[in-house]
Structures are given as C-alpha cells and as structure tokens.
Trainee: 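Dumping the structure here so I can ask a few things about it.
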Amino acid sequence: MTHVYAGYILIINIRIILSYKYPNYTQVEGAGDPTFKLAPSGNPVETQDVYNYSTFCLAQTAPTMLLSYHEVLFLKAEALCRLDRAGEAEELVKAGVEAGMNNMEVAMAAAKNSAYLGGRYTEKTSPVLADEINTYITEEVLPRFRENPLKETMNQKYIAFWGASGESTECYNDIRRMKALGENFIVLDNPKPFPLRCPYGSYDTTANPHVKELYGDGEYVYTENVWWAGGNR
C-alpha cells in the first residue's frame with residue numbers, strides 16, 4: 001500500500017522520500033520509520049547526511065519539461081475559476097491531479113534505474129494506484145475545491161510542480177504573481193521573506209568584481225525589486 005499523507009496545503013508522499021544512509025539508498029516506509037527525518041523549514045542543521053531527501057534527486061533520465069500536461073490543465077482550470085466558471089474547472093483540476101501523480105511515477109522509475117546507484121536502491125512502497133488517486137481527489141481535493149475553487153486549483157498545481165521535471169521556475173513565478181494580486185494561497189513556512197528576485201550566478205560573483213560588490217551577502221534578493229518592478233539592477 002502506498003503511504004499518502006494529505007494535508008490542507010501540501011501532500012507529502014512517503015514514496016518519494018529516501019533515507020540518507022550512503023551507499024544503500026532506501027525508501028522511508030512512513031512517519032514511524034526510524035530513518036524518517038525531514039529538515040525543519042528555514043532552520044536546518046547545515047551538514048550532510050542528517051536529513052532525508054527526495055528520490056527525485058536521483059531521477060537522472062526523467063524528462064525536463066518546457067510545459068507539462070499537468071501545468072496546461074491547471075492553467076486552464078485557473079482561467080475558468082477567474083471567470084467564475086468553477087463547474088467547468090472541476091474536471092480539469094481532477095485531471096491535473098491525476099496527471100501530476102502519474103508524472104511522479106515517471107520520475108520514480110527514472111530514479112530506480114539511476115546509473116549512479118548501480119542497483120543499490122531499495123524500493124519499499126508500491127506505485128500510486130488509480131483508486132488511491134481517486135480517493136485523494138474525492139476526499140481531499142474536491143471538498144476544498146468546492147469551498148474555494150481558485151485556491152485549491154493553485155494549491156494542487158503547486159503540489160504537482162514538486163518533482164524532477166524542472167518546474168521550480170514556474171512555481172516561483174506563480175507565487176510571485178499571486179502575491180502581486182494579493183492572493184496568499186500558497187503559505188510558505190520559512191523565516192525568510194519570499195525572494196523578490198533570483199541571485200546572480202556563482203560564476204558572475206567570482207569572476208566579475210562589480211557583480212561581487214553588488215551581490216554582497218546575497219540578502220538583496222529579499223529587498224530589491226528587479227528592474228521592471230521599479231528596481232535599479
């Protein structure tokens with residue numbers, strides 16, 4: 001049985017969490033597993049091999065998507081919700097959740113066959129089944145969607161972006177535009193404020209003294225807007 005823990009804002013799927021013990025990477029079986037140890041948000045111990053990490057990190061051959069199917073579905077659903085056509089958006093949200101779960105399994109298969117692990121990966125959970133996806137949609141997603149369609153659409157899109165498909169930039173842009181609209185649908189439990197911009201790259205700061213001076217301690221990402229939002233850099 002796949003262990004799926006559904007929360008109001010974020011689903012934590014135990015299936016994608018690895019224990020940290022090198023060189024034999026083993027899936028964590030559940031919250032009661034003695035190797036279950038997630039990093040606290042914003043205040044972790046800064047050392048290696050302490051916390052669990054995502055199996056997605058090992059999905060070397062998972063496709064990097066310019067525009068995933070689940071993103072397209074959630075974009076359509078969001079547009080319909082903003083047009084007060086939630087009834088039409090509901091089926092798209094359901095399909096988006098299913099597509100996101102199926103995409104997760106593509107990444108899991110890629111991790112299992114990772115050349116880096118050389119067959120040392122121990123899988124303890126089974127793939128997410130269609131009836132489990134339907135149960136999650138029926139019991140968790142739809143009640144929240146019918147209460148607040150736009151919020152649940154964006155929450156489920158946020159969840160679907162968690163993976164190995166290269167969608168972190170889309171996720172960041174979604175949160176930034178929602179904040180610009182005054183919509184606090186995605187609550188990030190981190191002591192640092194949401195960054196207004198991305199930092200300069202490490203090569204820029206080590207090779208260009210002018211960029212290094214601008215970079216400073218890197219805290220400018222929380223206080224200085226990009227140029228098109230009124231900033232000057």
Trainee: Parallel, tilted or perpendicular, judged at 30° and 60°: which one describes the rings of Phe194 and Tyr172?
Mentor: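 It falls in the parallel class, under 30°.
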
Trainee: A side-chain contact here means heavy atoms from C-beta on lying under 4.5 Å apart; do Asn102 and Val106 qualify?
Mentor: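 Side-chain contact under 4.5 Å: no.
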
Trainee: Between Asn103 and Ser165, is a side-chain hydrogen bond (donor to acceptor under 3.5 Å, both in side chains) present by the stated rule, with each step listed?
Mentor: CA-CA 8 Å; Asn103 184 61; Ser165 299; 3.0 Å; yes

Trainee: Taking the side chain as everything from C-beta on, heavy atoms only, tell me whether Leu196 gets closer than 4.5 Å to Val226.
Mentor: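 Contact flag for Leu196/Val226 side chains = no.
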
Trainee: Roughly how far, to the nearest 0.5 Å, is the CG atom of Asp204 from the NE2 atom of His210?
Mentor: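 These two atoms lie 13.0 Å from each other.
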
Trainee: Where do Ala59 and Ala107 come nearest, in terms of heavy atoms and distance?
Mentor: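 In this case the closest contact between Ala59 and Ala107 is CB-O, 3.4 Å.
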
Trainee: Are Glu183 and Arg177 ion-paired here, with the side-chain N under 4.0 Å from a carboxylate O?
Mentor: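 No salt bridge links Glu183 with Arg177.
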
Trainee: Are the side chain of Asn113 and the backbone of Ala109 linked by a donor-acceptor contact shorter than 3.5 Å?
Mentor: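 Side chain of Asn113 to backbone of Ala109: a pair is present.
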
Trainee: Hydrogens and angles aside, do Gln27 and Thr125 bring a side-chain donor and acceptor to less than 3.5 Å of each other?
Mentor: yes

Trainee: Roughly how far apart are Thr55 OG1 and Met104 CE, rounded to 0.5 Å?
Mentor: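 So the OG1 of Thr55 and the CE of Met104 are separated by 10.0 Å.
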
Trainee: Is there side-chain contact between Lys151 and Asn155, with at least one heavy-atom pair below 4.5 Å?
Mentor: yes

Trainee: I want to check something: taking the side chain as every heavy atom from C-beta on, are Leu80 and Leu92 in contact at a cut-off of under 4.5 Å?
Mentor: yes

Trainee: How close do Gln60 and Ser114 get, heavy atom to heavy atom, and via which atoms?
Mentor: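 Taking Gln60 first and Ser114 second, the nearest heavy atoms are OE1-OG, 2.8 Å.
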
Trainee: Under 3.5 Å, is there a donor-acceptor pair between the Glu167 and Ser68 side chains?
Mentor: yes

Trainee: Which value, rounded to the nearest 0.5 Å, describes the distance between Tyr158 atom OH and Ile186 atom CD1?
Mentor: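 The OH atom of Tyr158 sits 6.5 Å away from the CD1 atom of Ile186.
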
Trainee: For the hydrophobic clusters of this structure (ILVMFWY residues joined by side-chain heavy atoms under 4.5 Å, transitively), does one cluster hold both Trp162 and Tyr53?
Mentor: yes

Trainee: What pair of heavy atoms forms the shortest contact from Ala99 to Tyr69, and how long is it?
Mentor: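 Heavy-atom minimum between the residues: CB-CD2, 3.7 Å.
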
Trainee: Can you tell if the side chain of Pro127 reaches within under 4.5 Å of the side chain of Met108, non-hydrogen atoms only?
Mentor: no

Trainee: Answer yes if the ring centres of Phe161 and Phe74 are under 6.0 angstrom apart, and no otherwise.
Mentor: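 Centroid distance Phe161-Phe74: not below 6.0 Å, so no.
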
Trainee: Between the side chains of Arg197 and Glu224, is the shortest nitrogen-to-carboxylate-oxygen separation below 4.0 Å, so that they form an ion pair?
Mentor: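 A salt bridge is absent here (no side-chain N lies under 4.0 Å from a carboxylate O).
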
Trainee: Any chance you could lay out the salt bridge (charged side-chain N to carboxylate O under 4.0 Å, His left out) test for Glu170 and Lys157, step after step, and finish with the verdict?
Mentor: CA-CA 10 Å; Glu170 290 90 334; Lys157 185 182 181 186; over 6 Å; no

Trainee: Which atom pair, heavy atoms only, marks the closest approach of Ala89 to Ala77?
Mentor: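 Minimum heavy-atom contact is CB-O, 3.6 Å.
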
Trainee: Asp174 and Met154: side-chain contact (heavy atoms from CB on, under 4.5 Å), yes or no, with the steps?
Mentor: CA-CA 8 Å; Asp174 269 354; Met154 302 312 296; 4.0 Å; yes

Trainee: With the threshold set at 4.0 Å, does a side-chain nitrogen-carboxylate oxygen contact exist between Glu91 and Lys94?
Mentor: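 Yes, charged N to carboxylate O under 4.0 Å.
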
Trainee: With the side chain counted from C-beta on, respond yes when Lys179 and Ile175 share a heavy-atom pair under 4.5 Å apart, and no when they do not.
Mentor: yes

Trainee: Does some side-chain heavy atom of Gln156 sit less than 4.5 Å from a side-chain heavy atom of Ile159?
Mentor: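 When only atoms from C-beta onward are counted, Gln156 and Ile159 do touch, with a gap below 4.5 Å.
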
Trainee: Run the side-chain contact (heavy atoms from CB on, under 4.5 Å) check on Phe185 and Thr153 step by step: do they pass?
Mentor: CA-CA 10 Å; Phe185 296 148; Thr153 297; over 6 Å; no

Trainee: With a 4.5 Å cut-off on side-chain heavy atoms, are Tyr136 and Leu142 touching?
Mentor: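 No - every pair of side-chain heavy atoms lies 4.5 Å or more apart.
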
Trainee: Go through the steps for Val72 and Lys76 under the test side-chain contact (heavy atoms from CB on, under 4.5 Å), then give the verdict.
Mentor: CA-CA 6 Å; Val72 171; Lys76 290 180 178 179; 3.9 Å; yes

Trainee: Can you give me the closest heavy-atom contact between Thr61 and Ala110, atom names plus distance?
Mentor: OG1-CB, 3.4 Å

Trainee: Could you give the distance from CG (Asp84) to CG (Leu150), rounded to the nearest 0.5 Å?
Mentor: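 Asp84 CG to Leu150 CG: 10.0 Å, rounded to 0.5 Å.
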
Trainee: Should we say atom CG of Leu66 is surrounded by more than 12 heavy atoms from elsewhere, each under 6.0 Å from it?
Mentor: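 Count not over threshold, so no.
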
Trainee: What's the separation between atom CD in Glu71 and atom CG in Leu67, rounded to the nearest 0.5 Å?
Mentor: 5.0 Å

Trainee: Using the rule that Ile, Leu, Val, Met, Phe, Trp and Tyr join whenever any side-chain heavy atoms are under 4.5 Å apart, tell me whether Val128 and Leu73 fall into a single cluster.
Mentor: no

Trainee: Test side-chain contact (heavy atoms from CB on, under 4.5 Å) on Leu214 and Tyr220 and set out the steps.
Mentor: CA-CA 9 Å; Leu214 288 170; Tyr220 71 94; over 6 Å; no

Trainee: Give me the atom names and distance for the closest heavy-atom approach of Pro195 to Tyr222.
Mentor: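 In this case the closest contact between Pro195 and Tyr222 is CA-CD2, 4.0 Å.
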
Trainee: Between atom OG1 of Thr135 and atom CG of Leu129, what is the distance when rounded to the nearest 0.5 Å?
Mentor: 10.0 Å

